[in-house]
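One structure is given here, and the rest of the page talks about it.
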Amino acid sequence: MDPTTRLVQKTQIWWLILLVNIILPLHQVQATIPVDAQVDVNVILTKLENEYLVHFYNYYWRSTRERYIKAAFGRRNITNDWIFVERSSTSDLYPSDFEVIQTTITNIGEILKLHPVIKEVTQQSVITRNLKYTASRNYTSSDYKTRQLLGVVPGHITDLLNVRELWSRGITGKGIKVAVFDTGLPKHHPHFRNVKERTNWTNEKSLDDGVSHGTFVAGVIASSKECLGIAPDVELHIFRVCTNIQVSYTSWFLDAFNYAMFRKINVLNLSIGGPDFMDRPFVDKVLELSANKIIMISAIGNDGPLYGTLNNPGDQSDVIGVGGINSDDMVAKFSSRGMTTWELPRGYGRVKPDIVTYGSHVKGSNLNGGCRSLSGTSVASPVVAGAVALILSGALPKLHLVNPASVKQILAEGATKLKHNNIFEQGHGKLNVSKSMNLLLAYEPKITLSPAYIDYTDSYMWPYSSQPLHCGAMPSIVNVTVWNALSVRGKILEDPEWHPNFEENGELLQVDISYSPLLWPWSGWMAVQVRVKDEACLYEGEAEGSVSLTIETAGRNETIHFPIKVKIAPKPPRHKRILWDQYHNIQYPPGYIPRDNLKIKSDPLDWRGDHIHTNFREMYHHLRNHGYYIDVLGMPYTCFNASDYGTLLIVDPEEEFFDEEIQKLQTDVYEHGLGVIIFADWYNTTVMRKMKFFDENTREWWMPDTGGANVPALNDLLEGFGISLSDVIAEGYFELGEHQIYYASGTTLDRFPQSKDNIIITARLNDQATEVINKKPDNGETKIHNTYPILGLFQMDEQQRSSKTFEDLVTLELLEDENDLNDTHHHQHDYNSILNKRVLLQKKILKNANIEIQNKENNKKQALYLINETLNKKETKEGRIVVMGDSNCIDSTHAEKSCMWLLDALLAYTMNSHVASLLNKLNAMESFRNAKDQLNSVSNPKRLKSSKLNKYSKVLDLKDKFRKRKLEIC
């Protein structure tokens, strides 16, 4: 079967629509690309269910690999149902560490891994890269204010980088092998004088470039005519890894990477990237390339100015991730920003990009000669690749010292810091070719850190500089990358030590350190957690010290130091402290987490981390400007003291909640006066089914693991307060007083306490769920409008609480509805795999308040537990809860209308019991009460049977989606 027909889409159907709209017939491509364009590279990673990569511990020739696989199948007497997949003939020129097979055998991994030489079996991936060319603008500092159209970058890239001075000294890239992994290169292109070889790794029978992107990239690196490249005399190795319709397979990359190692490539440019940092075969092979001293340089993505939008492999610690700047020496608006999101939710991201350079209006070679200009980080990446090749060619006697760590060191130390951009925008700064060249000429191998220090008083160190530390706060985490240029392998000998500077109040800090004992390849990591001790609760000022770590590498021990300078403030009052729930946020990968806004079909996945320093950065700045202190909770609710915080902020959670968390939150609100604000998002299983894909091979549907938010889990959390959310999806603009708000695919309130002190806000909105289900066009004439309750404010009081406990006990029995066992497409039969609940009011008293776990005969019915073990205790103050059905207006991702003013009003309510006059005026509680008297509750959202959330959940059991794990230790 042709690989294209075997492609199984497993992200979003709208990506396929986008691909059809973007990829034109080849004779139209060149005609439609603007002369000066920005190139956006969107990458989709999909899986082939019946095609597998068989990985070996060592490298073998093809005949040997096939013999081992046949032997593994022979042990189970399997002779049919599998075949070898044909690969590029070039792959037969050298040994390989993997093979590709097709099979319908379900337990293929278990069968083959029994053979001692087979390491693992993974699914084949298909990588689809969409190149979208749009008329380019040069974003400058004034563009952030006026968005005016400005001219192109003055001069050519070679002039901007001052490389002609190196050319005059005979330094032109000669002696350095550069690989370009892209769409190929025409055979007799007039711009190139040293193309060593062109290889094709695709299933198309062509070496030429049918898209033009590969030609442009090669031209930026090595063109010798018209639009000159940076290193015109490098030895070019052209790897065609993308077809004319922009499709690649992981196995193609693996074969090409192996060949690059076989050819002893020095520098490899990869202008491709995507959010999936969990494609293990790809990631592991990149690590192997680095271990073999190949300098990989990759674009970090064009998803700026949002933070947390780095693309892989540019976000890997062993790869040089490149961002783009414009003519004003400002980070370009399109350039993706750090931090890395691999480490969330428990940790904190690493510094990326590594380096930035010009990526706006850069001239490069056109397909058939001549020049054109493009913008994007896929343009900035070959600029750095060419510059690195040029630098290496000028220091050939030092070539034996060149490795990914040493190159990162000379680039970082030689870089020029930009005045107006922080460390997660510019990394170590702007590329400085001359300075980095001089550093290499005088270079001696060493170990350094990235960042080299941390200074909470330096604006360059945002976000660390944005909020002083204080006692009682969650730790501030600095994720430090260790660059070990001495050897590919190293070992941290013992626990790193904190050395307080007693002359600079260092004794006021508590510093805890975790680290990677093994450094490989050429790098490792160290996470530094900084707290302020309780004795410094009234202190205001600075504190300093350093962390030392000793590394054994290359037969010797090296000790390096990490200086820390912290700004400390007195402990703020409770009503100024917010706790952000990071623990219950999950982003793509590893699962199918769909977008929050169903209207944005070009951005199908939720992958930005949902962190206050990524897509909620603008909200974070707003809160800081209003005097709030925000802590990040990367642990369960059982791990914080509610008396320290005025409000817990829960935004767009996808994770489940431990039973102990549900109990503790009720205690915290009722007993300790904790305020809670919840911003939810859409959840509707019928809509989720509409977003599914049918796998022709397995005859199975693949669907999202949750909605925009995990509403069934939120309803579990809110059950004890008499609050629940519906499966209605509402969308549209509405007015709150003088403010216009856009409600983007939000849920609505189903149940809410109807006390006279509570507030319900309603809005007339479009029924988006019906629109999606019925596939109606997106125009105003076909929209169905209804009035929905979208915002509720709930004040606890003694009378409400007493009435709730009149029966002495409220219990929930976690049951399955037998009707839900049928995997139908009927909405009323949605499968709730964990908590299809029926509330049972029972007149009985339990002598102990522990959760009673009862294993039912079918192991599918869950626990009988107490909602709140301290409901009858005398409280000193009651908290307040706010629930809003949509988070779009505080999320920077696709926000159309910011509602920070509303967030201010809600915080005033949860912190200080102050109700904004506008909310009082618009209170629709009476109409909500009347509507609930006339109508039954809308459909209670339930979990899909097909959900694979337990495969990567921190709460659910990995092997049994009906059970929860044991609560984590704080």
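Starting from 1, each residue takes its place in the sequence as its number.
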Derivation and outcome, side-chain hydrogen bond (donor to acceptor under 3.5 Å, both in side chains), residues N484 and K446: CA-CA 7 Å; N484 174 24; K446 57 186 175 181; over 6 Å; no

Pairs flagged by ring pair (Phe, Tyr, Trp, His ring centres under 6.0 Å) wherever residues 369-427 is involved - sequence neighbours left out: none

Those residues that, when tested against K398, pass salt bridge (charged side-chain N to carboxylate O under 4.0 Å, His left out) (two or more places apart): E444

Ring geometry between W483 and H428 (parallel below 30°, tilted from 30 to 60°, perpendicular above 60°): tilted

Proximity of Y94 and Y59 rings by center, below 6.0 Å: no

Side-chain donor/acceptor of T357 to backbone N/O of A380, under 3.5 Å: no

For K430, all residues meeting side-chain hydrogen bond (donor to acceptor under 3.5 Å, both in side chains), sequence neighbours excluded: D329

Aromatic ring proximity, centroids under 6.0 angstrom, F216 and H213: no

Listed partners of S251 passing side-chain hydrogen bond (donor to acceptor under 3.5 Å, both in side chains), at least two apart: Q124

Qualifying salt bridge (charged side-chain N to carboxylate O under 4.0 Å, His left out) pairs with a residue from residues 87-96, counting only residues at least two apart or across chains: R62-D92, R87-E99, R87-D255

Salt bridge (charged side-chain N to carboxylate O under 4.0 Å, His left out): pairs with one or both residues in residues 200-224, sequence neighbours excluded: R198-D208, E204-R240

Name of the residue among P353, S381, P313 meeting side-chain contact (heavy atoms from CB on, under 4.5 Å) with I300: P353

Ring geometry between H191 and H189 (parallel below 30°, tilted from 30 to 60°, perpendicular above 60°): perpendicular

Test: R337 and D303 ion pair at under 4.0 Å: no

